[in-house]
Participant: 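A single structure is presented below for examination.
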Amino acid sequence: MKILAVVYGHFPDVLKLYSRFQPAVGHLKVVLDVYPAGGFEREQFLSMFEQLAVLFPTISQHTCCTEYESTPLYLEEEEGVSIKRVGETADIAHLVEHLIVDMQISLGGMRRCSGLTCGWKDPENRFDLFVECVDARVGLFAAQFAVYLVTQIMARKKLSLRNELVLKLARYINENQGAAIDAESLSSVLGWKKGNVEMALARLHEFGFFPPDNREDTRMEEGSA
Amino acid sequence: MHKAMVAEPKSRARQLFVAKGVSTEDAERFSDVDSGSFANRYRIVLDCQSEKESVERHRKITVSHRAD
Ligand SMILES: [Zn+2]
């Protein structure tokens with residue numbers, strides 16, 4: 001799986017595809033190539049959902065595919081599983097999109113967030129994910145972290161609990177803007193081992209949580225290039 | 001370029017990330033906000049939503065249930 005591009009802006013046409021989109025809110029657009037192609041088998045999907053629900057407990061409360069009349073596919077519904085399964089490559093992109101949506105609320109300060117997974121006609125394994133987003137920095141991090149996690153799971157690796165620390169640190173930094181974020185200070189404030197703080201900080205850097213020059217304001221302003 | 005005489009300048013979204021190996025032409029296409037044919041371009045569209053209220057309501061119900 002590979003992210004080809006992540007962009008932020010207002011996409012008037014995409015508003016027509018989902019009535020719950022809020023016109024004033026900008027969208028993160030993630031262009032994603034998914035391989036190997038193919039969806040999830042039922043058992044794999046369920047175990048994957050279970051693992052992700054530990055890291056993202058609120059995904060169980062998402063609503064999914066309420067306006068799917070335009071989708072000529074049969075959607076599998078499972079009791080207790082909020083995300084629908086279609087049994088093809090779109091499942092993987094769709095899962096990534098749900099995680100990005102979830103992080104816009106848990107990290108990005110949004111009260112409500114909607115998203116769309118749009119599969120290209122050609123190539124069939126390419127997807128545009130549109131997710132409402134108010135903080136591009138959180139959006140970019142969420143996209144890259146979600147792809148990392150789903151890739152890990154697809155390789156049948158158990159998700160490490162260290163990923164939870166990454167999310168916790170991201171939340172702490174967002175909720176405490178201006179606080180010292182060197183490993184030493186964080187370690188004493190959070191009561192974590194310094195090694196854990198360093199690991200989580202490295203992940204945040206790797207996935208774009210911090211702007212490249214540490215100065216750029218990523219809260220969106222129209223016209224900023 | 002034949003259409004340049006009549007076409008409006010294209011609006012672009014802000015690029016946050018472009019993978020290595022993606023051509024400039026593709027990168028521009030990905031950040032084009034007025035493709036005008038979204039519905040035709042896509043084969044499948046799946047929608048999703050999360051609301052903080054529903055999450056909080058769920059928590060409150062759980063908590064009050066325990067308190068009773
Ligand atoms: Zn969904």
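Below, chain A is the first sequence line, B the second, and so on; all start at residue 1.
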Participant: Nearest heavy-atom pair of Tyr42(B) and Lys121(A): which atoms, and what distance?
Facilitator: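 Answer, listing the atom of Tyr42(B) first, then Lys121(A): O-CE, 3.6 Å.
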Participant: Need one label for Lys16(A): side chain, backbone, both or neither, based on atoms under 4.5 Å from any heavy atom in chain B.
Facilitator: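 Nothing of Lys16(A), per the 4.5 Å heavy-atom cut-off to chain B.
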Participant: Go through it in stages, so that I can follow the logic: the residues are Tyr18(A) and Val45(B), the test is side chain to side chain contact (heavy atoms under 4.5 Å, CB included), and I'd like the CA-CA distance, side-chain angles, deciding distance and then a yes or no.
Facilitator: CA-CA 9 Å; Tyr18(A) 189 26; Val45(B) 176; over 6 Å; no
Participant: Can you tell me how far apart CD1 (Ile83(A)) and CG (Leu46(B)) are? Round to the nearest 0.5 Å.
Facilitator: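 Here the interatomic distance stands at 11.0 Å.
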Participant: Mind checking whether Phe17(B) and Val30(A) have side chains closer than 4.5 Å, heavy atoms only?
Facilitator: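 Of all side-chain heavy-atom pairs linking Val30(A) with Phe17(B), none is under 4.5 Å.
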Participant: Give a yes or no on whether a salt bridge exists between Glu51(B) and Arg20(A), defined as a side-chain N under 4.0 angstrom from a carboxylate O.
Facilitator: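 A salt bridge is absent here (no side-chain N lies under 4.0 Å from a carboxylate O).
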Participant: Answer yes or no: is there a side-chain heavy-atom contact under 4.5 Å between Arg112(A) and Gln49(B)?
Facilitator: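 They are in contact (side-chain heavy atoms under 4.5 Å apart), so the answer is yes.
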Participant: What part of Val18(B) is in contact with chain A, defined as an atom under 4.5 angstrom from a non-hydrogen atom: side chain, backbone, both or neither?
Facilitator: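 Both parts, backbone and side chain.
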Participant: Based on non-hydrogen pairs under 4.5 Å, which of Val31(A), Asp102(A), Leu28(A) is most in contact with chain B?
Facilitator: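 The option with the most such pairs is Val31(A).
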Participant: Is there a side-chain contact between Val6(A) and Phe30(B) (heavy atoms, below 4.5 Å)?
Facilitator: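 Not touching, per the 4.5 Å side-chain cut-off.
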Participant: Please identify, among Leu4(A), Ile105(A), Ile3(A), the residue contributing the most non-hydrogen atom pairs under 4.5 Å to chain B.
Facilitator: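 Most heavy-atom pairs under 4.5 Å with chain B: Leu4(A).
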Participant: Side chain to side chain donor-acceptor pair (under 3.5 Å), that's the test. Do Asp47(B) and Ser114(A) meet it? Break it down for me.
Facilitator: CA-CA 8 Å; Asp47(B) 61 76; Ser114(A) 301; over 6 Å; no
Participant: For the atom pair CZ (Phe11(A)) and CG (Asp32(B)), what is the distance rounded to the nearest 0.5 Å?
Facilitator: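 Rounded to the nearest 0.5 Å, the CZ-CG separation comes out at 9.0 Å.
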Participant: Is it the case that more than 12 heavy atoms not belonging to Gln22(A) sit under 6.0 Å from its CD atom?
Facilitator: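 Counting other residues, nucleotides and ligands, CD of Gln22(A) exceeds 12 neighbours.
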Participant: Taking C-beta and beyond as the side chain, do Arg43(B) and Glu124(A) meet within less than 4.5 Å on heavy atoms?
Facilitator: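 Yes, close enough: below the 4.5 Å cut-off.
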Participant: On a heavy-atom basis, which atom in Ile44(B) and which in Glu88(A) lie closest, and how many Å separate them?
Facilitator: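 Closest approach of Ile44(B) to Glu88(A): CD1-OE2, 4.3 Å.
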Participant: Is the shortest heavy-atom distance from the side chain of Cys48(B) to the side chain of His62(A) under 4.5 Å?
Facilitator: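 Contact flag for Cys48(B)/His62(A) side chains = no.
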Participant: Might you point out which heavy atoms bring Val33(B) and Pro12(A) nearest each other, and give the distance in Å?
Facilitator: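 Heavy atoms of Val33(B) and Pro12(A) come nearest at O-CD, 3.8 Å.
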Participant: Strictly below 4.0 Å, N to O, side chains only: are Arg41(B) and Asp122(A) in salt-bridge contact?
Facilitator: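 No.
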